[in-house]
Amino acid sequence: MPPTPPSPSSSSSPSESRAGLLYGVAAYGIWGLFPLYWPLLEPAGSIEILAHRMVWSLVTVAAALVVTRRWQWIRPLLRQPKRLGMAAIGAVVISANWWVYIWAVNSGHVVETSLGYFINPLATIALGVLVMRERLRAAQWAAVGVGLAAVVVLAAGYGKPPWIALAIAATFSTYSLVKKKVGLGGLESMAVETAVQFFPALAVLIFLGARGHSTFASEGSGHALLLLGTGVITAVPLISFGAAAVRLPLSVLGMLQYLAPVFQFALGLLVFNEEMPAERWAGFALVWLALAMLTWDALRTARHARVELEAARRLAATGNTENTIAPQATETTVQGG
């Protein structure tokens with residue numbers, strides 16, 4: 001899933017907005033279709049797939065940096081050890097998120113992974129309260145309460161807490177918080193994170209090869225190419241997301257983010273034929289209700305903010321007009337006297 005987006009330009013043309021929408025749909029669509037890719041990599045295990053994803057993601061990102069010539073941020077970052085350390089923490093957290101997701105998909109828990117990304121906005125709000133000491137509006141508190149009720153219902157349905165979904169939501173919301181503190185762009189932060197991941201991942205691949213447990217060279221060229229492709233499918237949606245983030249309002253990006261778990265949920269039901277007893281439908285319905293409440297509150301708050309901003313602009317324009325007219329009237333009075 002994506003990092004915190006930069007603020008988009010408020011003066012995007014219609015063509016830029018359309019392009020941004022296409023980029024956004026492409027990014028979230030690819031993320032939503034990931035469950036179709038990981039099973040293609042079997043018989044590779046989740047650890048080997050994760051290690052290949054880390055190694056080839058760095059190769060892909062490095063190529064993108066060479067093409068775009070975006071190197072100037074590296075030297076200043078190296079002179080900021082605290083910020084670099086936070087980026088390394090982000091790499092560790094997203095590594096855990098990737099592993100849980102890959103393992104869950106290849107173990108037949110696609111629907112529960114979608115639940116994790118549905119819950120993620122609620123987990124992010126909880127972190128904001130606990131870590132950033134943010135104050136919630138009434139609608140946000142209500143949404144969190146409904147979300148907690150959903151977890152209880154789902155726990156009853158599964159016979160245990162939905163650990164996969166909770167782990168995905170916890171790791172990705174923590175990752176988002178860390179990225180907010182680091183403040184790097186999508187491509188740059190991914191370069192740092194995959195650089196941190198690279199050597200441990202390479203060591204894992206060497207170890208697996210030495211033990212005869214690597215599938216990279218033993219399952220044919222097609223399998224090897226699919227493992228190489230993990231770098232591309234990791235980088236392409238992130239780059240598309242970055243292109244969308246500078247062209248679209250945050251409210252539109254916020255709506256698009258639900259495409260990925262919706263696609264995952266549909267794949268779990270329709271392609272992987274996972275079971276959805278009544279209790280799980282009830283839990284998911286509560287989660288969707290909580291998200292609808294959050295979306296309504298966000299849209300209402302954004303609308304009020306736009307109205308207040310427009311009123312402030314009109315007031316400023318009126319004040320400037322009065323300040324412009326007043327000297328002219330004074331000057332006319334003096335000349336006439």
Side-chain angles (χ1 to χ4, degrees), residues 1-5 7 24 28 31-32 93 97 111-181 248-266 268-269 276-311:
M1 300 297 286
T4 302
S7 298
Y28 286 109
W31 281 320
V93 175
N97 178 271
V111 168
E112 194 172 346
T113 65
S114 75
L115 176 63
Y117 288 111
F118 278 128
I119 292 175
N120 178 63
L122 299 171
T124 301
I125 287 176
L127 274 181
V129 172
L130 296 174
V131 178
M132 307 298 289
R133 304 298 180 187
E134 295 176 355
R135 300 182 64 180
L136 300 185
R137 296 182 292 274
Q140 292 175 312
W141 276 117
V144 170
V146 173
L148 290 174
V151 171
V152 172
V153 171
L154 287 163
Y158 279 103
K160 59 182 179 180
W163 293 118
I164 294 171
L166 293 175
I168 286 174
T171 52
F172 197 78
S173 57
T174 302
Y175 173 66
S176 299
L177 176 65
V178 172
K179 285 185 71 67
K180 183 175 181 179
K181 290 182 175 295
L248 294 176
L250 294 180
S251 58
V252 177
L253 281 174
M255 296 296 291
L256 286 177
Q257 73 172 324
Y258 296 124
L259 280 178
V262 165
F263 283 4
Q264 292 165 13
F265 180 77
L269 285 183
M276 275 292 289
E279 312 87 64
R280 292 183 196 173
W281 278 112
F284 269 85
L286 286 174
V287 170
W288 294 331
L289 174 60
L291 293 178
M293 295 167 69
L294 285 181
T295 302
W296 171 79
D297 179 67
L299 292 175
R300 184 189 61 168
T301 303
R303 183 170 61 251
H304 288 172
R306 285 196 300 269
V307 170
E308 291 176 1
L309 179 60
E310 186 60 32

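Excluded from the calculations below are hydrogen atoms, water molecules and symmetry mates; all remaining heavy atoms, backbone and side chain alike, are included.
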Open item on the list: Would you compute the distance between atom CD of Q257 and atom CG of L291 and round it to the nearest 0.5 angstrom?
Closed with: 8.0 Å
Task: Min side-chain heavy-atom separation Y175-N97 under 4.5 Å - done: no
Task: Minimal non-hydrogen separation, S114 against P261, with atom names - done: CB-O, 3.4 Å
Open item on the list: With a 6.0 Å cut-off (strictly less than), is the heavy-atom count around CH2 of W163, excluding the residue itself, greater than 12?
Closed with: no
- [ ] Measure up the W31 and Y28 rings against each other and bin them: parallel (under 30°), tilted (30 to 60°), perpendicular (over 60°).
- [x] perpendicular
Open item on the list: Can you give me the closest heavy-atom contact between M293 and A143, atom names plus distance?
Closed with: CE-N, 3.7 Å
Task: Pairwise distance OH(Y258) to CZ(F118) - rounded to 0.5 angstrom - done: 9.0 Å
- [ ] Taking the side chain as every heavy atom from C-beta outward, state whether L127 and T174 have any pair of such atoms under 4.5 Å apart.
- [x] yes
Open item on the list: For a quick test of reading the model, state the closest non-hydrogen atom pair linking A150 to G283 and the distance between them.
Closed with: CB-O, 3.5 Å
TODO: Supply the atom-to-atom distance L154 CG to L286 CG, rounded to the nearest 0.5 angstrom.
DONE: 8.0 Å
- [ ] Please name the pair of heavy atoms, one in A123 and one in A169, separated by the smallest distance, quoted to 0.1 Å.
- [x] CB-O, 3.9 Å
- [ ] Compare every heavy atom of L122 with every heavy atom of A290, then report the nearest pair and how far apart it is.
- [x] CB-CD1, 4.1 Å
- [ ] Kindly assign one of parallel, tilted or perpendicular to the pair F265 and F284, based on the angle between their ring planes and the thresholds 30° and 60°.
- [x] tilted
Open item on the list: Please give me the minimum heavy-atom distance between G24 and L256, naming the atom from each residue.
Closed with: CA-CD1, 4.0 Å
- [ ] Look up atom CD1 in I125 and atom CG in L130, then write down how far apart they are to the nearest 0.5 Å.
- [x] 12.0 Å
Open item on the list: As an exercise, state the distance from CD1 of I119 to OG1 of T124, rounded to the nearest 0.5 Å.
Closed with: 11.5 Å
- [ ] Measure the spacing between CD of E112 and CG of L166 and express it to the nearest 0.5 Å.
- [x] 8.0 Å
